[in-house]
2 protein chains.
Amino acid sequence: MLGERDADSLSLRELARAVGVSATSVYRHFPDKEALMTALALEGLAQLGAAQRTASEAVGGGAAGFRETGRAYVRFALANPALFRLIFASPALLVGGVKSDLGSEAHDLLQANAAAAAARGGGKPEVQAVQAWALVHGLAMLMLDGQVAVDDELIDKAIC
Amino acid sequence: MLGERDADSLSLRELARAVGVSATSVYRHFPDKEALMTALALEGLAQLGAAQRTASEAVGGGAAGFRETGRAYVRFALANPALFRLIFASPALLVGGVKSDLGSEAHDLLQANAAAAAARGGGKPEVQAVQAWALVHGLAMLMLDGQVAVDDELIDKAIC
DNA sequence: TGCTCATGATAACAGCGTAAACATTGGAGG
DNA sequence: CCTCCAATGTTTACGCTGTTATCATGAGCA
């Protein structure tokens, strides 16, 4: 359902109806709606990390791999708009400090790549990490919001 | 009210109550809730543009002025979280193509500064504009979402 | 066999956005 | 000065939402 509608237009009752179960049954498995959404977001975060790792490994890692994780980030957002938004709209899910191993891959990749880039080119790893993350996150958000035209070539040119 | 709560936890009825008026009176002035929110967002966009222009002029424009518009962008987001989010959550309000002169200042500043930066340092103006916008937008969003620590020094170092 | 616990259903509540119908009132036009 | 209309407000109502309290069922284990 997240593939077709955005997360906050999705009601608990509608979801229960789609599953074929009463509205209140959801409360046997999650304390409230927010908890359900957080669980979905955590799953999405794992998928994002996996996509980034795959993209990085496809070009053999290194600096090129770092760039590819960024492009994969934007592509993932465009391919899964509602899920991507949900990930960052979940207050209980801080990407960097998530407990489960499920959600930590994307963040670990960023830290490692930023450290390597700082070693290669100079600069502080933390600043490098924030800059890279902000660039791809902003690009993803602006494209999702329709503020910047969705254009594969532009993604490649902007992330370098 | 946007200064204290976020936009989508704010109900029409509560707003009407605060004004001291019946719930349905709002419909004499706006066709629906979304239209009201869009009007608020447009006002916010004007404030953002004004803040950026002020910041740029304070350092005499040029490349330093461009940097200051970016910092002002992030600072505005942190100072007005709900309003900033509302601006980019309004589907009817495309920042670049907004009709009213009210909302166009921020976008005009970006275009002009990106063109100037491209003339100084090379690169395509469009790509430069998107890169700059994405960087500050991403930084603002990540800080608002609690993914990156709010740190004035980090803002300065990341935007350069 | 009997008990417990996980999982379900029903009914109910307050709050929401919105529509329809009705009331008031201040100012423009004769 | 009077009349009428448009602007603005109110009341009532509808279906939807998240959530709670209460009750039913049935599988697994003592």
Side-chain angles (χ1 to χ4, degrees), chain A residues 1-46 80-95 98-100 102-103 144-146, chain B residues 1-46 80-95 98-100 102-103 144-146:
Chain A
M1 293 173 78
L2 277 182
E4 293 163 2
R5 38 183 6 85
D6 53 324
D8 60 271
S9 85
L10 192 133
S11 84
L12 222 43
R13 296 174 104 108
E14 182 183 2
L15 194 140
R17 241 177 277 131
V19 175
V21 104
S22 83
T24 56
S25 290
V26 184
Y27 289 86
R28 296 294 158 189
H29 306 270
F30 299 93
D32 54 19
K33 188 185 185 184
E34 184 184 326
L36 208 196
M37 292 308 191
T38 300
L40 290 178
L42 190 59
E43 171 64 24
L45 186 55
N80 312 278
L83 185 55
F84 182 83
R85 289 194 136 101
L86 183 60
I87 292 174
F88 292 94
S90 300
L93 184 146
L94 289 186
V95 175
V98 81
K99 319 295 179 301
S100 159
L102 256 187
L144 284 184
D145 287 338
Chain B
M1 293 172 79
L2 277 182
E4 293 163 3
R5 39 181 7 85
D6 53 324
D8 59 271
S9 86
L10 191 131
S11 82
L12 265 189
R13 297 172 103 109
E14 182 183 1
L15 194 141
R17 239 177 281 128
V19 174
V21 104
S22 84
T24 56
S25 289
V26 183
Y27 289 86
R28 297 294 158 190
H29 305 271
F30 299 93
D32 55 18
K33 188 186 186 185
E34 186 184 325
L36 207 195
M37 292 309 191
T38 300
L40 290 177
L42 191 59
E43 171 64 25
L45 186 56
N80 312 278
L83 184 55
F84 182 82
R85 289 193 137 100
L86 183 60
I87 291 175
F88 292 93
S90 301
L93 187 146
L94 290 184
V95 175
V98 79
K99 320 294 179 300
S100 158
L102 257 186
L144 284 185
D145 287 338

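In this text the structure is predicted, and so the values were computed from the model without any measurement. Chain letters run A, B, ... following the sequence lines, proteins first, then strands; residues in each count from 1.
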**OP:** Provide the closest heavy-atom pair for A:Leu83 versus A:Gly44 in the form atom of the first, atom of the second, distance.
**Re:** CD2-CA, 3.7 Å
Original post:
B:Ser11 near the nucleic acid: base, sugar-phosphate alone, or nothing, with a heavy-atom cut-off under 4.0 Å?
Top reply: sugar-phosphate
Subject >> Separation of atom CZ in B:Arg17 from atom P in D:dG9, rounded to whole Å >> reply: 17 Å
**OP:** Answer yes or no: does a side-chain N or O of A:Ser25 lie under 4.0 Å from OP1 or OP2 of C:dG8?
**Re:** no
Original post:
So which nucleotide from C:dT10, D:dT10, D:dT17 ends up closest to the side chain of B:Thr24?
Top reply: D:dT10
Subject >> Distance, rounded to the nearest Å, where B:Tyr27 contributes OH and D:dA13 contributes C1' >> reply: 14 Å
**OP:** Take the protein atom CG of A:Leu15 and the nucleotide atom P of D:dT19, then report the distance between them rounded to whole Å.
**Re:** 13 Å
Original post:
Counting only distance, no hydrogens or angles, is the base of C:dG8 paired donor-acceptor with the side chain of A:Arg28 under 3.5 Å?
Top reply: yes
Subject >> Residue B:Asp32, side-chain heavy atoms: nucleotide from D:dT19, C:dT18, D:dT10 that is nearest >> reply: C:dT18
Subject >> Test log, rule side-chain contact (heavy atoms from CB on, under 4.5 Å), inputs A:Phe30 and A:Thr38 >> reply: CA-CA 10 Å; A:Phe30 299 93; A:Thr38 300; over 6 Å; no
Subject >> A:Asp8 CG to D:dG18 P, straight-line distance once rounded to whole Å >> reply: 11 Å
**OP:** Ignoring backbone atoms, establish whether B:His29 has a side-chain N or O less than 4.0 Å from OP1 or OP2 of D:dG9.
**Re:** yes
**OP:** Nearest whole angstrom, please: distance from the P of D:dA7 to the CZ of B:Phe30.
**Re:** 16 Å
Original post:
Tell me: CZ of B:Arg5 to C1' of C:dC16, nearest whole Å?
Top reply: 14 Å
**OP:** Please tell me if the side chains of B:Asp8 and B:Arg85 come closer than 4.5 Å, counting only heavy atoms from C-beta onward.
**Re:** no
**OP:** Grab the NZ-P distance between B:Lys33 and D:dC16 for me, whole Å please.
**Re:** 18 Å
Subject >> Integer-rounded Å distance: D:dT19 P and A:Met37 CE >> reply: 10 Å
**OP:** Considering non-hydrogen atoms only, spot the tightest contact between B:Ala41 and B:Ser90 and give its length.
**Re:** CB-OG, 3.3 Å
**OP:** Identify, between A:Leu10 and B:Arg13, the residue whose nearest nucleotide on DNA chain D lies closer to the 5' end.
**Re:** B:Arg13
Subject >> B:Ala7 versus B:Met37, closest heavy-atom pair with distance >> reply: O-CE, 3.7 Å
